[in-house]
Each structure stands twice: as C-alpha cells, then as structure tokens.
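Taking it in order: structure first as structure tokens, then the write-up.
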Amino acid sequence: MSCGVPGMEDAGCLFLFGYNPSASHPIVSRRIVKAKEKGAKIIVADPRVIETARIADIYLPLKNGSNIAFLNAFANVIVTEGLVDEEFVKEHTLGFDEWWDTIKEYTPENTQEITGVDPQLLREAARMYATAEPSSILCWGMGVCQHLQNVEAVHACAAIACVSGQIGKPNSGVAPVRGQNNVQGACDMGALPNYFPGYQKVTDPDIRQKFADHWNVPVEALSDHVGYKVSDLPRLIEEGKIRAFYNFGEDPVQTEPDVPHLTKMLEKLDLFVCQDIFMTQTAAMADVVLPATSWGEHEGVFTACDRTFQYFSQAVPPKGECKHDWQIFSELAERMGYDMHWENAQQIWDEECRALWPAAYGATYEKMAGTGHAQWPIPTLDHPGTPDLFLGGKFTTPEGKAHLVAHDYRDPTEMPDEEFPLILCTVREVGHYSCRSMTGNCKVLALLADEPGELRIHPDDAKERGIRDGELVRAWSRRGETMSRAVIDERVNAGTVYMTYQWWIGKCNNLTLHHVDDRSRTPEDKFSACQVEALPDQKWAERHLQELYSQLKEDLAETAAAQHVEPTCGGTE
Ligand SMILES: Nc1nc2c(c(=O)[nH]1)N[C@H]1C(S)=C(S)[C@@H](COP(=O)(O)OP(=O)(O)OC[C@H]3O[C@@H](n4cnc5c(=O)[nH]c(N)nc54)[C@H](O)[C@@H]3O)O[C@H]1N2
Ligand SMILES: Nc1nc2c(c(=O)[nH]1)N[C@H]1C(S)=C(S)[C@@H](COP(=O)(O)OP(=O)(O)OC[C@H]3O[C@@H](n4cnc5c(=O)[nH]c(N)nc54)[C@H](O)[C@@H]3O)O[C@H]1N2
Ligand SMILES: [Mo]
C-alpha cells in the first residue's frame, strides 16, 4: 500500500474495487465508516451489493470478470473530461502517449455491454475520484487479483492514480489491502520464489553474495534463479519435476483450485512433509507432520497490509510436542549439517531481518513495545517510519518515474455455456477464516455458521431451478462437485452464484478452475462455470451431510492420534 490504514480516515474519497472489507477486514471497515462520517466520498465497484455499497455515494454493479474494460473506460473519462493532472504526468510518469493509444478505444458507452455499468454513473464516479480533495485512495482486493487479467488490472489501477494525481501526497494512492494478518510479512521475509528477505532479488549476484556472507555459506549454495510457485505444484508433480513437498502453514487440499486433481497429484509424491498447528486435510495426507506452536504460544512480528510491523507476545506455554516454527527449521538445518543456532525470536529479528534488510533496520523491539509499531521503510534507529510512499511523485523505478501501462480486455478463461450456465465466484464470509482449521475448531464460531456453508443465488436463478431458500443443493463443474445450502439473496447478481472457500464438505474448490496467469500465477478463483440443482431428497441429504462431516472429523482426529510420538529421553534433545 502506498498509504497507511489509519490515514484512510482522512482521504477525500475511497474507491473500493473488488474488495469487501466488512467481511474480510472489519478493522479497515471501521476506518471506512469513520472516513464517511468525516465527509469522505465512497465509491464501490463490485458485482454484489456488499455492505459498504450501502453507505456508498456511488455503487457500480459491474459484471464479473469485466475489470479491465471498466478500468480502461474509467481512465478514458479522466482524460476526455480534462481531469488529468498534467504536471504530475509530465514530471513523474513515462509512457502516457502509448498508454492513451490503448485507453482511447474504451469509453463508458462502448464498454457498457461488457461491464453492464450505466455510462453516466461511471462518468460521475471517475469525476468524483479524480477531483476529490485532499486525496483519493484506490483500494482493491481479491476481486482484482483472482481474475485472469489480475496483473493487468493492477497496472490499470496504478495508472489511474497517476494520471489523476491521486498518488504522491499523504493518504493517497493505491491500497492493495493484503489478505492475511501476515501475508505482507511473509513476503517481507522472502517467502517468495524471486526474493530474499526485503525484496532483494535472488538473481542479483551482489545480493546473493551479501546473503552468502551473512549466512556463512559459499555463494553457489544460494540458488540464482527464480523458484516455483505453489499453484504450479500439481503440474510439476505430474511432469515428474517435483517429488518431495514441504508444506508449511498452508492447507492446499482446501484452498487451491481443482482439488480433485491436486489430491491425485499429492498422492504421487515420494516425500510429503506438513508443518501446521492442526491436523488438516492436507496434513492427513503427509508422510511426516511437524506440529508447530500457534500465535498464542509464540512471539514474533507481523507486518500488516500497510507495511506496519507489530510485535506480538506469547500468551501461554506450548502444549505437548509442539515446537516453534523457527525451532523446527533450525533443528532441521542442524541435522542437515548447517549450523543455524538461535536462542529466541528477537535474535532472529535483530540479527537476520534488521541486519539484512536496510528498510527494516530502524524497527527495533523497543519501538514496537506495548502498542507501538513501525511502518517500513524505517532505515535508521531514529527514523519515525513511513506511512506514505512516493511523496512528491518519487517512484522506485530506475528513472524515479511511474511507468503507465495499459492492456486490452480479454474474456475470462471459462465462460458459462449451456451445460454450465452459471458463473461461480468464490469469496469470504466474516465468521470463518480461509481453510477453517482454526475457526472450524472454535465452538462459538461453529454456532455462527457451519457445514456445508452457503451458496448464494439470485431469486431468478433459484426460481428457474425450483430451489427454495435453505435447501441443500448439488453444485458441479467440469472438475468436480460439492454440496451446499442455498441462500436466496437479492444482493447477488443474476447469473452468478457465490460460495465461500471455507467449507470442507461444501468445498467450492472441488469446482474451481485451475487456470493461472503467466506472471503472478494466481488462480482465477473468482470466475469459473458451474451448474446447481436442488437435491431431491432433503431428509436424506441432511443426514448424509452430518455423516460426511462426522466421518471427516473422526478421520482427522484418528490421524492426529496416530501421528503422536512419545518423546524419547524426556523431551527435546
Ligand atoms: N473473515 C475472513 N476474513 C478474511 C479471510 C477469511 O477467509 N475470512 N481471508 C483473508 C484473505 S487470505 C484475504 S486475501 C482477504 C481478501 O479480502 P477481499 O479482497 O475482500 O476478498 P473476497 O471476498 O474474496 O473478494 C472481494 C470482492 O471481490 C468481488 N468481485 C468478484 N469478482 C469481481 C470482479 O470481476 N470485479 C470486481 N470489481 N469485483 C469482483 C466479490 O464480489 C467480493 O465482494 O480477506 C482476508 N480476511
Ligand atoms: N476458491 C477460492 N480459493 C481460495 C481463495 C478464494 O478466494 N477462493 N483465496 C485464496 C487466498 S487469497 C489465500 S491467502 C489462500 C489461503 O489458503 P491457506 O494458506 O491454505 O489457508 P489458511 O487458513 O490461511 O491456512 C494456513 C494453515 O496454516 C496453519 N497455521 C496457522 N498458524 C500457524 C503457525 O503459526 N505455524 C504453522 N506452521 N501453521 C500455522 C493453519 O492451521 C492452516 O492449516 O486461499 C486461497 N484459496
Ligand atoms: Mo489471501
């Protein structure tokens, strides 16, 4: 994010594009309500009438998968209605003419068929965004990232912020509101195939040398090429390129697309190691399970979506044979013959993270004490942190200028047809979290919502299929099928059904398409084709659901019990 979450309250306009904070990030959502109270304009573009749409000044119900057509038309209005910040474009950007060559072809009128958006409304929204004082923030979420044209849409959002001069000043710019509490932190720490910690390229020989020196290994020991991405796993197993998989803090059997195919591929592995805090469906398939401590049992530092480092402390001692993740890694390294000895998490933070990543050097434990926090870049000990990036239009490209890039619209990969006439869009719900290993093991949250989850369907689509509210339904696609509970909902658009990916029995990833874009390799989770029907015998279906759920829970508990190994010689070595 180019800005900070607290600063969102002081922006003049918040444009939410494919982002549903009231379900996904309730704390950010509070800030948005406060911004509204302080007079900010709110624009929402989402195919569903999400909560924030209800307090929006303009709500734009665009069609699923039409982002690039929409954003190009939005940019077109900024230019044709004279809303361009000419000086900013001249001083701080490159490539305007080429960018305009593509954008000029897209008007609100000629894209209406693709986007479904009233041209007048789109024009009003573009004016509101571009002219808002003192600043606008363009926020996006998975409604951008989990589509075929995801990288393209990020380019489009960034260009819109630049040409309208809504970046480079406080509380402005682009807010890709990173998903999980520490997804930003995982990337910061180099849990990416192309970077060492601190976004330092694995392909840069000087960087490689720096890390090799610090870690006391020959430079050849560090890989010099970009690694694989998790979404490529099933294909690479199939091609025989991957035979061992060490899975750390992920539950792909729940959360990756086309689970039927993935499961078949995982069965082919020679070695499968899982490091998790629960016995998940994925861990149950593993040869070796390494039980780790949970957030309440260890200390550490998270990075929030806006680059804020926050320290969190251990609340309770670990139970049983669990170890901290860092202990597991260092013990494994020791046994593989590399001396990776640490005393505690703070030592890792100081001697690894802060020492190797210049932008984190000033983020000491002292600064983060209590409710303290530090926003990177924070290069020196007396540096206060950086809520806003790119102030004065200074960008981090070699020329110091933003590159404007435009792309033509393409249809999503799997369009609906006669056999599969509905679009399946998979999203989040407030009470449950991702693979549900954590929230599913919480009784109170199970009272809020339980298996098999919900399939939200427009009244017209339900009527056409004779589906009644609350009935159990079968949903299927070219990949597989699942069971869910229909909720008839006027706030979702006709032609699209919405499921959340939290449910083990009502698993939407049995249906989703495994198609990834070339650059990010993020799956197209927001768009595939499916069909839905009411299950004919509801009594049987309800019973069957309970049987499946009980059986799965029993299987997981038994696998967990079988994995338990009594420690020899009384505990850790
Ligand atoms: N309670 C809860 N909170 C969570 C999570 C959870 O599982 N549960 N998961 C966390 C994670 S990992 C993440 S990444 C974040 C994600 O948070 P969000 O980005 O808010 O996630 P989604 O609900 O998947 O998608 C956002 C919106 O995109 C819209 N959308 C779908 N297709 C399109 C389209 O073509 N165009 C546009 N403009 N919009 C579209 C959907 O209708 C939806 O409202 O949430 C995090 N927070
Ligand atoms: N259909 C569909 N699929 C999706 C999405 C979607 O919108 N639609 N969203 C995608 C997105 S954005 C995301 S981020 C992924 C999330 O997918 P996952 O990362 O697979 O899901 P999480 O629930 O975050 O799972 C993390 C695992 O880590 C474990 N864990 C928690 N704390 C610790 C710890 O301290 N140490 C260790 N070792 N393990 C721990 C949990 O028990 C859990 O099993 O799902 C993706 N899948
Ligand atoms: Mo995510």
Side-chain angles (χ1 to χ4, degrees), residues 16-26 28-29 44-53 60-68 70-71 115 139-147 149 153 176-183 186 230-231 247-259 274-283 290-298 300 305 322-325 328 412 423-441 445 491-493 496 498-502 507-513 522-528:
L16 270 57
F17 191 76
Y19 173 49
N20 182 21
S22 66
S24 309
H25 300 141
V28 178
S29 192
V44 170
D46 199 296
R48 301 185 293 165
V49 186
I50 58 170
E51 273 307 294
T52 318
L60 304 144
L62 81 172
K63 287 190 195 167
N64 306 67
S66 69
N67 285 346
I68 285 294
F70 177 97
L71 292 168
T115 65
C139 309
W140 69 83
M142 293 304 115
V144 161
C145 305
Q146 294 172 340
H147 276 292
Q149 293 195 288
V177 202
R178 304 296 306 260
Q180 310 217 14
N181 55 344
N182 196 38
V183 66
V230 71
S231 55
N247 175 58
F248 162 51
E250 294 253 346
D251 184 9
V253 169
Q254 181 63 30
T255 58
E256 285 292 301
D258 194 357
V259 167
C274 249
Q275 183 167 325
D276 206 289
I277 64 173
F278 280 108
M279 180 54 68
T280 63
Q281 297 162 80
T282 306
L290 300 168
T293 53
S294 71
W295 55 269
E297 300 165 315
H298 53 229
C305 55
C322 297
K323 291 182 183 183
H324 302 317
D325 286 308
I328 298 174
I423 297 166
L424 170 65
C425 180
T426 59
V427 293
R428 280 151 182 82
E429 61 188 83
V430 73
H432 284 279
Y433 195 81
S434 287
C435 78
R436 213 166 58 86
S437 64
M438 296 179 279
T439 53
N441 279 302
L445 291 175
R491 286 165 67 172
V492 309
N493 49 322
T496 305
Y498 292 79
M499 294 177 79
T500 64
Y501 71 105
Q502 271 71 44
K507 188 186 284 186
C508 67
N509 278 327
N510 283 345
L511 276 57
T512 44
L513 173 76
T522 300
E524 218 173 329
D525 292 329
K526 290 285 179 275
F527 203 110
S528 52

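As a basis for the values below, the full set of heavy atoms in this structure was taken, side chains included, without hydrogen atoms, waters or symmetry mates. Owing to the predicted nature of the structure, the values given are computational and were not obtained by experimental measurement. Note that ligands are numbered from 1 as they come in the structure, with each ligand's atoms numbered from 1 the same way.
Close contacts between ligand 2 and F248 involve ligand atoms 38 (N) [criterion: under 4.0 Å to a heavy atom]. Proximity to D325 (heavy-atom distance under 4.0 Å) selects the following atoms of ligand 2: 34 (C), 35 (O), 36 (N), 37 (C), 38 (N). Listed by number with element, the atoms of ligand 2 under 4.0 Å from a non-hydrogen atom of S437 are 41 (C), 42 (O), 43 (C), 44 (O). Using a 4.0 Å cut-off to heavy atoms of N20, the atoms of ligand 1 that qualify are 20 (O), 26 (C), 44 (O). The G249 neighbourhood of ligand 2 comprises atoms 19 (O), 26 (C), 27 (C), 28 (O), 39 (N), with distances under 4.0 Å to a heavy atom of that residue. Taking every heavy atom of N64 and a limit of under 4.0 angstrom, the matching atoms of ligand 1 come to 35 (O). Which parts of ligand 2 touch A292 is read off a 4.0 Å heavy-atom cut-off, strictly below it: atoms 38 (N). Ligand-side atoms of ligand 1 in range of I50: 44 (O), range being under 4.0 angstrom from any heavy atom.
Looking at ligand 2, you won't find any N or O of E256 less than 3.5 Å from one of its N or O atoms. The shortest N/O to N/O separation between C435 and ligand 2 falls below 3.5 Å. Between N509 and ligand 2, an N or O atom pair is found at a separation short of 3.5 Å. Of the N or O atoms in T280, none lie within a sub-3.5 Å distance of an N or O in ligand 2. Distances between N or O atoms of D276 and those of ligand 2 include at least one value under 3.5 Å.
With a 4.0 Å cut-off on non-hydrogen atoms, Q180 touches ligand 2 through its side chain and not its backbone. Counting heavy atoms closer than 4.0 Å to ligand 2, residue T282 contributes nothing at all. Here V427 has heavy atoms under 4.0 Å from ligand 1 in both its backbone and its side chain. Of all the heavy atoms of T500, none lies under 4.0 Å from any atom of ligand 1, so neither backbone nor side chain is involved. With a heavy-atom cut-off of 4.0 Å, C425 touches ligand 1 through its side chain alone. At a 4.0 Å heavy-atom cut-off, ligand 2 touches T255 through backbone and side chain alike.
Not close to ligand 2: V183, with no non-hydrogen atom less than 4.0 angstrom away. Heavy atoms of R178 stay at 4.0 angstrom or farther from ligand 1. Heavy-atom distances between H298 and ligand 2 reach below 4.0 Å in at least one pair. Under a 4.0 Å heavy-atom criterion, C508 is in contact with ligand 2. Not a single heavy atom of M499 sits closer than 4.0 Å to an atom of ligand 2.
Proximity of P21 to L16: side-chain heavy atoms (C-beta onward) are separated by under 4.5 Å at one or more points.
With R48, R436, Q146, E429 as candidates, the residue nearest to atom 1 (N) of ligand 1 on a non-hydrogen basis is E429. Distances from atom 20 (O) of ligand 1 to the heavy atoms of P412, S434, S24, G179 put S24 nearest.
When only non-hydrogen protein atoms are considered, atom 28 (O) of ligand 1 lies nearest to G143 CA, 3.2 Å. At the top of the distance list for atom 25 (O) of ligand 1, counting protein heavy atoms only, stands K526 CE, 3.4 Å. Of the protein's non-hydrogen atoms, the one nearest atom 24 (O) of ligand 1 is R428 NH1, 2.6 Å. Given atom 42 (O) of ligand 1, the protein heavy atom at minimum distance is D46 OD1, 2.6 Å. Of all protein heavy atoms, the one closest to atom 34 (C) of ligand 1 is H147 NE2, 3.3 Å. For atom 39 (N) of ligand 1, the nearest non-hydrogen atom of the protein is G18 CA, 3.3 Å. The protein atom (non-hydrogen) at minimum distance from atom 40 (C) of ligand 1 is P47 CD, 3.4 Å. For atom 8 (N) of ligand 1, the closest non-hydrogen atom of the protein is H432 O, 2.7 Å.
The aromatic rings of H25 and Y19 sit tilted relative to each other, their planes meeting at an angle between 30° and 60°.
Annotation: the span from M499 atom CE to C425 atom SG amounts to 12.0 Å, rounded to 0.5 Å.
No side-chain donor-acceptor contact under 3.5 Å links T115 to the backbone of F70. Checking side-chain atoms of K323 against main-chain N and O of T293 turns up no donor-acceptor pair under 3.5 Å.
Residue Y501 forms a side-chain hydrogen bond (donor to acceptor under 3.5 Å, both in side chains) with just one option from E256, H432, R428, and that option is R428.
Checking Q149 against N67 by side-chain atom types alone, no donor-acceptor pair falls below 3.5 Å.
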